[in-house]
Each structure stands twice: as structure tokens, then as C-alpha cells.
Protein chains: 2
Amino acid sequence: MNNFDFYNPTHIVFGKDRLQELDKLIPSDAKVLLLFGGGSVKKYGTYDKVIKALGEREVVDFGGIEPNPQYDTLMKAVEVVKTQDITFLLAVGGGSVMDGTKFISLAANFDGTPSDLLVGKAKTSEVKVATPLGTVCTLPATGSEMNAGGVISFEGGKYGMGSPLVYPKFSFLDPTLTYSLPKVQVANGVVDAFVHTLEQYSTFPADAKFQDRTAEGILQSLIEIGKTTLDNPTDYDARANLVWCATNALNGLIGAGVPNDWATHMLGHELTAMFGIDHAQTLAIVQPALWTVRKEKKKAKLLQYSQRVWGITEGSDDEIVDAGIAKTREFFESLGLKTRMSEYGITEDKIDDLVKALGNHGMTALSETRDLDLDVSRAIFQEAM
Amino acid sequence: MNNFDFYNPTHIVFGKDRLQELDKLIPSDAKVLLLFGGGSVKKYGTYDKVIKALGEREVVDFGGIEPNPQYDTLMKAVEVVKTQDITFLLAVGGGSVMDGTKFISLAANFDGTPSDLLVGKAKTSEVKVATPLGTVCTLPATGSEMNAGGVISFEGGKYGMGSPLVYPKFSFLDPTLTYSLPKVQVANGVVDAFVHTLEQYSTFPADAKFQDRTAEGILQSLIEIGKTTLDNPTDYDARANLVWCATNALNGLIGAGVPNDWATHMLGHELTAMFGIDHAQTLAIVQPALWTVRKEKKKAKLLQYSQRVWGITEGSDDEIVDAGIAKTREFFESLGLKTRMSEYGITEDKIDDLVKALGNHGMTALSETRDLDLDVSRAIFQEAM
């Protein structure tokens with residue numbers, strides 16, 4: 001096991017009908033900026049419940065944070081925070097709203113040009129205080145509700161950023177608030193949580209038994225409930241298991257003390273940026289292809305994965321690994337996701353552009369071994385056709 | 001899944017040779033009370049490393065916190081905190097030192113009689129501030145390094161207490177600091193962590209997949225490394241896995257949203273109080289007996305346990321459950337722990353006294369279903385003979 005730090009102070013408020021407890025968790029004299037995306041939080045009543053729980057507090061709305069939240073949009077919210085003396089940020093939505101709110105929390109307290117925090121010209125550690133934030137998470141997927149990071153879109157690229165200052169003070173996870181999600185978003189959520197887990201698990205062995213077993217438990221759980229929660233959105237327990245698995249897939253627990261990959265995400269980000277494919281859908285394309293190309297390097301963990309998660313025990317090691325990769329692809333497809341670039345109409349001649357974009361974004365030494373260079377990325381995109 | 005809150009702000013600093021980082025985590029102007037047990041922290045050099053890391057800070061020693069920390073001892077430390085203006089408590093030791101330090105942290109800031117916080121005459125929520133504390137954990141077992149509770153001995157009884165105020169600010173978990181532990185303490189630690197997990201797992205099904213799988217992962221890991229870390233104390237990875245499993249067995253994660261039992265602990269406490277048997281050794285006695293008596297109530301989870309953790313699939317449900325109980329007893333015994341009261345020379349006529357003591361301590365409605373009354377406790381003690 002590698003040395004590690006684990007720190008996660010977010011207070012999770014999990015379960016049905018608890019939004020009234022917002023009143024206990026936000027200072028009574030707070031001036032709240034309420035951040036959300038499109039109209040669904042209003043359409044399905046979540047907005048009204050939040051407003052009611054906030055009681056007498058002064059509340060300013062900021063809607064319209066888009067999927068893959070855009071820097072320019074977020075900077076408008078930063079302006080509101082600064083000019084209207086906002087003291088608390090409440091994100092009501094999914095990963096994009098939560099990620100965007102984290103960036104706003106930092107950017108509103110940064111003296112320089114906030115985009116520098118994204119492109120690496122400035123470090124988030126230069127920001128010494130951040131506007132406190134909490135979340136009401138309405139989409140189980142990204143884990144943003146219980147971590148200190150986010151991904152922001154800026155000038156055609158997607159940039160990760162984070163700081164311990166932006167751990168949500170609290171996050172409400174009410175599975176019933178997710179019942180109204182479109183089916184595709186639920187499927188995306190299952191795959192997003194699944195691949196988050198894999199990024200921290202399918203690397204090389206580090207003899208970290210708790211982390212491995214916990215990751216395997218999340219994967220097994222998602223396999224068990226994925227189809228059920230898609231087909232029966234109001235099955236409370238299935239949805240509750242999706243929600244809590246998605247959170248634990250990216251709250252630092254399973255990634256502590258072990259190698260982390262994240263190359264699938266980096267390659268996927270270029271597919272989103274260039275073709276507008278949903279984040280999770282890009283992961284479903286890249287992950288099986290990446291494994292196929294990197295099979296030898298990842299063989300020990302892929303074998304463990306195939307055996308423990310899928311129960312595949314017959315055949316040679318190679319056959320077991322191949323069967324595990326095939327099962328994973330089938331699982332993604334059973335949820336309605338495509339796993340080939342060609343299924344999105346992307347032709348092979350676009351691979352040059354994708355590789356070039358990776359280079360432009362500095363993604364030249366990816367993966368747990370830092371040797372996934374642009375040539376390997378090219379091979380993965382080709383495999384993913 | 002039941003509604004739950006999860007909140008755990010302890011910063012874990014895990015790994016080899018990191019004690020010098022204490023300097024970053026304790027305020028530079030702190031006046032530190034350094035709490036420890038017997039002489040082992042001095043004998044094996046941990047004390048010196050801690051003192052060196054604390055640098056120029058003023059440090060007051062408080063040694064001599066005994067196993068099953070005694071109220072009277074702890075009150076002497078409370079006096080030191082109050083009279084010498086201590087601003088930070090640093091616990092260096094195992095569960096007793098950490099638990100005791102938590103009580104000191106609260107008691108030093110409580111206006112009433114601190115024993116009232118134990119016997120239920122006052123609530124810890126009446127204490128509004130606590131002296132901040134951190135730990136250097138030298139014994140993997142209790143999980144106290146990452147939770148907000150403790151057990152304190154007072155007038156012949158053992159009393160649980162806790163408050164969110166006493167989460168350690170940080171805990172150092174360096175597996176190498178545990179190499180010098182006597183073999184029996186390591187065996188106790190494995191069993192303690194194992195039964196902590198069972199108390200939150202072997203109840204009735206709540207369809208909480210992440211919690212179940214994570215608990216099973218801890219149990220499987222402890223089975224895998226238990227004997228190894230006993231026989232090869234300097235096998236870093238085995239010991240690191242014990243340390244991190246023990247912490248996660250009782251940091252709130254696996255017990256959130258599911259029924260909890262804890263009857264094995266309550267019955268075990270009486271064995272410690274009356275006969276001085278080590279805490280974990282009482283658990284090894286009570287757990288198999290409790291399962292045997294409560295088999296019907298716990299059958300669904302015991303079946304899942306036997307199948308998933310021990311891989312037992314042959315036979316009727318009853319046979320599988322019985323085999324799982326037998327495997328558990330064998331596991332405890334393989335670590336050198338006894339699993340029968342009679343092996344400690346306790347005779348059947350003492351059961352009356354044990355049941356009476358349970359009654360005196362208010363333990364009349366135990367377990368996840370609150371129906372484990374004194375008659376059932378009597379049956380469990382008889383089964384444990």
C-alpha cells in the first residue's frame with residue numbers, strides 16, 4: 001500500500017424527505033446564491049422545497065449552468081457573488097452544477113484571472129478562503145457531492161481543478177429527487193460511477209485489500225442495480241444504492257494508497273469537447289478500448305476484476321481477461337450506451353484531430369505509469385472505432 | 001436502505017515515516033498535552049519522534065492511561081488541562097489512550113460532574129466546545145482514531161460516550177509503529193476489527209449494497225491477513241492492510257443506513273469488567289454464542305455472510321449458516337484466542353452475576369431489534385460456556 005492522506009469533511013444527509021434540514025445547516029444570516037441548471041429543478045418541485053427550507057434567508061437565483069459548465073457562464077455567477085455580497089453557495093443539480101459552484105467558490109475569492117486556475121498559470125492553493133458551499137444532489141453520477149474537485153470547460157478544453165476549500169459543507173442525497181431524471185441520464189450515471197471506480201482500480205496491484213474489495217463491491221452493486229434502476233426509476237432501494245455507490249466511487253476512499261489511472265477520462269474529454277458526446281458515454285467508448293490496448297500492463301488487476309466482479313473462472317488468464325472486458329462492454333450496452341466511436345458517426349480521419357487536441361491540452365504522459373503517450377492514445381482511439 | 005447522516009472530518013495521515021508532519025497539523029503556538037499509556041511508546045522510540053516533531057511547542061506529559069481507561073485516571077488529566085492551559089491533546093497509543101483523550105477533551109470543558117456524561121445524567125451535547133485532539137495510533141483495533149466515540153470505565157462498569165466535537169483533527173497511521181506490539185495485542189486487534197464489522201453487518205437485510213459489500217471486504221481482508229500479520233509482524237503490506245481495515249471497520253462508513261447490533265460488545269463488556277478479560281477476547285467468546293442463540297433472527301445475513309465471506313455454498317441454509325459460525329470460531333482460535341468462558345476458568349454459577357450486572361447497567365433491550373433481553377443474554381452466556 002502506498003502512503004496516502006485521506007480527508008473528507010462533507011456531511012452527507014442521505015434519505016427521503018429531509019430537505020427541510022437545510023435550515024439547520026446553512027447559517028441563519030447567510031445570503032444564499034442558489035445555483036441550478038435548466039428548468040428541471042423548478043419543474044419537479046425541488047426548487048420550491050429548497051426555497052421553503054431556506055425560510056427568511058435572502059436568496060438570489062442563478063440558473064442556466066449548462067452540462068460541461070462553461071467558464072463564461074460561471075464568471076457571471078462570480079460577479080453576482082462579489083457584487084451582491086453572497087455568503088453561501090447552494091448548488092441544486094448534478095455534477096455540472098456542483099463542479100461549477102466549486103469553481104465559483106474559488107474564483108470569487110481569487111485576485112488574479114480565474115481562468116489561470118484552470119490552465120495551470122495559477123494554483124488553487126493560492127486561494128486562501130473560498131465561499132462556503134453545500135449541495136442538493138439531483139443526479140447520481142459524478143461524486144462531486146463529496147469531493148473537492150470539478151471539471152470546467154474553457155475555450156474548447158475541459159480542465160480539472162480542486163482545492164480542499166471546496167469540499168461541500170454538506171450534501172443532501174435524496175434518491176426520490178432523482179426519480180424524474182431522463183433514462184439516459186440515469187444510464188450515464190451508472191456508467192460514470194462504474195468508470196470512476198475502474199480508474200482507481202484497474203491499474204497494477206498495490207496490495208491494498210480494503211480499497212480493492214470496496215471498489216469491487218461498488219462495481220458489483222452497480223451491475224446488480226444498473227438495469228433495475230433504469231427500468232424502475234421509483235424502486236427506492238435500487239436508486240438509493242446507485243446514489244450511494246456513485247458518491248463512494250469518487251470521494252477519495254477507493255483511490256487512497258493505490259495507483260490511479262484517469263486516462264479514460266482524459267481521452268473521453270476530447271470526445272466531449274469535439275463531438276459533444278455526453279461525458280459518461282465517452283467513458284463507455286474509451287474504457288474497453290483502452291483495456292484492450294493496455295491489456296499486458298493491466299493484466300493482474302484485469303484478471304482479479306474478471307474473477308471477482310464477474311465471477312469468470314474458466315479459461316486461460318488471457319481468456320478470463322478478455323471475457324471480463326467483453327462483459328463490461330455488454331454491461332454498458334445493456335444500459336443503452338454505445339461503445340464505439342463509429343456508432344456516433346465519427347470517422348477514422350478524426351483521430352488525428354483528437355490526438356492533436358490531447359497534445360494541445362498537455363495529455364502526453366497519461367495513466368498510472370505515465371507512459372500512455374500520444375501514440376498509445378492514437379491506438380486506443382483506433383481500437384474504439 | 002435507511003436514512004442516515006455520514007460525517008467524518010478526521011484527516012488520516014497514513015504510511016511510513018511521516019511523524020515529522022505533526023508539525024504542520026498542530027498550531028505552532030499550541031500548548032500540548034501528550035497522552036500515552038504504559039512505557040512502550042518511550043521504549044520503542046515513538047515518544048522521541050513525536051517530541052522532535054513538536055519542535056518548540058510547550059509539551060506536558062501525561063502517561064499511565066491504562067487499558068479500559070479509568071475515570072479517575074482521566075480526571076487527573078482533566079485537571080492538568082484546566083490548570084496548565086492546555087490547548088491541544090495529542091494521544092499516542094491504542095484505543096484506550098485515544099478513547100480516554102476524547103473524554104478528557106469533553107470533560108475539561110464541561111461545567112458539571114463529568115461522570116454524569118457517562119452514566120446518562122448529562123448529555124455530551126451540553127458540551128459546546130472541546131479541546132481539539134489528534135492521535136498517533138499505535139494499535140490497529142478499535143477504530144477510535146477515526147470516530148467520535150469511546151468507552152470509559154467508571155465504578156466497575158464500561159460506558160460508551162461520544163460527540164462530533166471529539167473527532168480527531170488528524171490521526172497518524174504508521175504501520176511500522178505497530179511492529180513492536182505483543183502478538184496477543186495484534187490478535188486482539190484483528191478480532192476487534194472483525195467483530196466491529198459484524199456488529200454492523202450481521203443483523204437483518206436492509207438492501208444496502210455498498211455497506212454490505214464493504215463490510216464483507218473488510219472481513220475477507222482480515223481473514224486473508226490475520227495469521228500473516230501475527231506471524232510476520234514486519235510484513236509491511238499485511239500490517240498496513242490490518243491498520244486500514246481496522247479504521248474503516250468503525251469510522252461510520254459500514255454502519256450508515258443499516259441496522260446495528262452491538263449486543264456482543266455489551267455482553268463482552270461485563271466479562272471484561274468482572275473477570276478482566278481483554279476486550280477483543282470477550283468478543284471472540286460472545287459472538288459465536290450469540291449467533292447460535294439468535295440464528296433464526298439473523299439467518300438471512302448469516303447465510304449471506306457464510307456464502308460471500310467464507311465461500312460456503314454446499315448444504316441446506318441451516319448447514320451453511322452453521323458452517324459459517326464454525327468457520328468464524330476457527331478463525332478466532334487460529335489467532336490464539338479462546339472462544340469459551342470455561343477456558344478462562346469461569347464457571348456456570350457466575351452467569352447469574354453477569355446477567356445481574358447487565359441489568360444494573362441498563363442492558364435489558366439490546367440488539368438491532370431491541371428484543372435481546374436478560375433471558376436471552378443468559379442463554380448466550382450459557383451457550384458460551
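In what follows, chains carry the letters A, B, and so on, assigned in the order in which the sequence lines appear, proteins first and then strands, with residues in each chain numbered from 1.
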Query raised in the report: Hey, which of Trp244(A), Phe170(A), Tyr167(A), Tyr7(A) has the most heavy atom pairs under 4.5 Å with chain B?
Result: Trp244(A)

Requested in this report: Kindly compute the distance separating CD (Glu216(A)) from OG1 (Thr214(B)), expressed to the nearest 0.5 Å.
Outcome: 11.0 Å

Requested in this report: Any chance you could measure Phe210(A), atom CZ, to Leu242(B), atom CG, to the nearest 0.5 Å?
Outcome: 13.5 Å

Query - chain B contact via Ile225(A) - side chain, backbone, both or neither, heavy atoms under 4.5 Å - result: side chain

Query raised in the report: Do other residues, nucleotides or ligands put more than 12 heavy atoms under 6.0 Å from the NZ atom of Lys327(B)?
Result: no

Query - Within 6.0 Å of NZ in Lys169(B), more than 12 heavy atoms from elsewhere - result: no

Report summary line: Per-residue tally against chain A (heavy atom, under 4.5 Å) across Val13(B), Asn248(B), Asn2(B) peaks at Asn248(B)

Requested in this report: For Asp207(A) and Asn241(B), work out which heavy atoms get closest and say how close.
Outcome: O-ND2, 2.9 Å

Query raised in the report: Taking all atoms of both residues into account, what is the closest heavy-atom pair of Lys209(A) and Ser221(B), and its distance?
Result: CB-OG, 3.3 Å

Query raised in the report: Which pair of non-hydrogen atoms, one from Asn3(A) and one from Lys16(B), has the smallest distance, and what is that distance?
Result: OD1-N, 3.0 Å

Query raised in the report: Which bit of Asn8(B) is near chain A, if near means a heavy-atom gap under 4.5 Å: side chain, backbone, both or neither?
Result: backbone

Query - Distance (rounded to the nearest 0.5 Å) between Leu173(B) CG and Phe6(A) CZ - result: 12.0 Å

Query - Heavy-atom proximity to chain B below 4.5 Å, by part of Tyr236(A) - result: side chain

Report task. Side-chain contact test, heavy atoms from C-beta onward, threshold under 4.5 Å: evaluate it for Ile218(B) versus Arg213(A) and give yes or no. Result -> no

